[in-house]
Every structure is written in C-alpha cells, then in structure tokens.
Amino acid sequence: GDEDKVKALVQYYTGVKSEALNVSIKDSQAVVTLPAKNAVPSEMKERASNEIIKWVKTESVKFEEVYKKAVSAKIEKTG
C-alpha cells in the first residue's frame, strides 16, 4: 500500500532500513517515525518528502524522531 511506498522512498533517500521506520498516512499527511540513532540530514528528508508528495499523493510529510530511555549500564569500579 501507500505506507510501503513511503517506507521504500525513505529508505532509498536516507539509508534507514524500512524495518526501523513506522509510517502512517492520515488526512493527506504522511508521518514517518524513525529511531533517533539514525541521524538523517534535512536535505535527505526534503528529497524523500518531495518524492513522497509526488508519488503517494499526500499534501505533506512529517518526520518524527523517537528518543527512548537508555538502558543503564552497570558501572564497575577498577583498581
């Protein structure tokens, strides 16, 4: 469907694997959620957005980055 098209275009332009993306389309807006660890330059987001708007017939594209609570690492004292 359209969500798969969006995932494919975002993966092509940003290099972020489609499995790491969450895509929803509502009210003519595609919302792309990606892990914060995948820093994507705004130029690549813009290129992907232009193609999404062209091929998926959305009016806008919104990118969201998700930051999750870090798993605390055990600190061991040395010496």
Side-chain angles (χ1 to χ4, degrees):
D2 285 342
E3 285 88 358
D4 291 331
K5 290 179 189 174
V6 172
K7 284 184 176 185
L9 287 165
V10 172
Q11 180 175 327
Y12 179 79
Y13 283 98
T14 67
V16 178
K17 299 281 185 201
S18 62
E19 301 84 41
L21 302 170
N22 186 9
V23 174
S24 63
I25 299 173
K26 186 175 180 181
D27 300 328
S28 297
Q29 182 181 57
V31 178
V32 180
T33 306
L34 52 135
K37 67 179 181 179
N38 297 106
V40 177
S42 58
E43 181 182 315
M44 294 297 109
K45 291 179 188 175
E46 184 177 358
R47 287 183 183 183
S49 297
N50 289 338
E51 294 300 311
I52 292 166
I53 291 167
K54 179 179 177 181
W55 295 106
V56 185
K57 308 296 185 222
T58 58
E59 296 294 320
S60 63
V61 179
K62 178 179 179 180
F63 282 89
E64 299 177 333
E65 294 175 346
V66 177
Y67 294 85
K68 294 186 177 183
K69 182 178 179 180
V71 177
S72 59
K74 193 174 190 179
I75 299 172
E76 296 182 21
K77 291 183 179 179
T78 57

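In this chain, numbering begins with 1 at the start of the sequence shown. Every heavy atom of this structure was used, including side-chain atoms; hydrogens, water molecules and symmetry mates were not.
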Between Arg47 and Glu43, does any side-chain N to carboxylate O distance fall below 4.0 Å? yes

For Ser18, the option from Lys7, Gln11, Glu3 that meets side chain to side chain donor-acceptor pair (under 3.5 Å): Gln11

Give a yes or no on this: more than 12 heavy atoms of other residues, nucleotides or ligands lie within 6.0 Å of atom CD of Glu65. yes

Does Ser28 offer a backbone N or O that forms a donor-acceptor pair with the side chain of Glu59 under 3.5 Å? no

Side-chain touch Ile52/Val10, heavy atoms, less than 4.5 angstrom: yes

What distance separates Leu34 CG from Thr14 OG1, expressed to the nearest 0.5 Å? 7.0 Å

What's the spacing between Leu9 CG and Ile53 CD1 if we round to 0.5 Å? 11.5 Å

Between Glu64 and Val31, is there a side-chain heavy-atom distance shorter than 4.5 Å? yes

Reported NZ-to-NZ distance for the pair Lys57 and Lys5, which is rounded to 0.5 angstrom: 8.5 Å

Quick one: are Phe63 and Ser42 in side-chain contact, heavy atoms under 4.5 Å? no

Over all heavy atoms of both residues, which pair between Pro35 and Ala20 is shortest? Give the atoms and the distance, please. CD-O, 3.3 Å

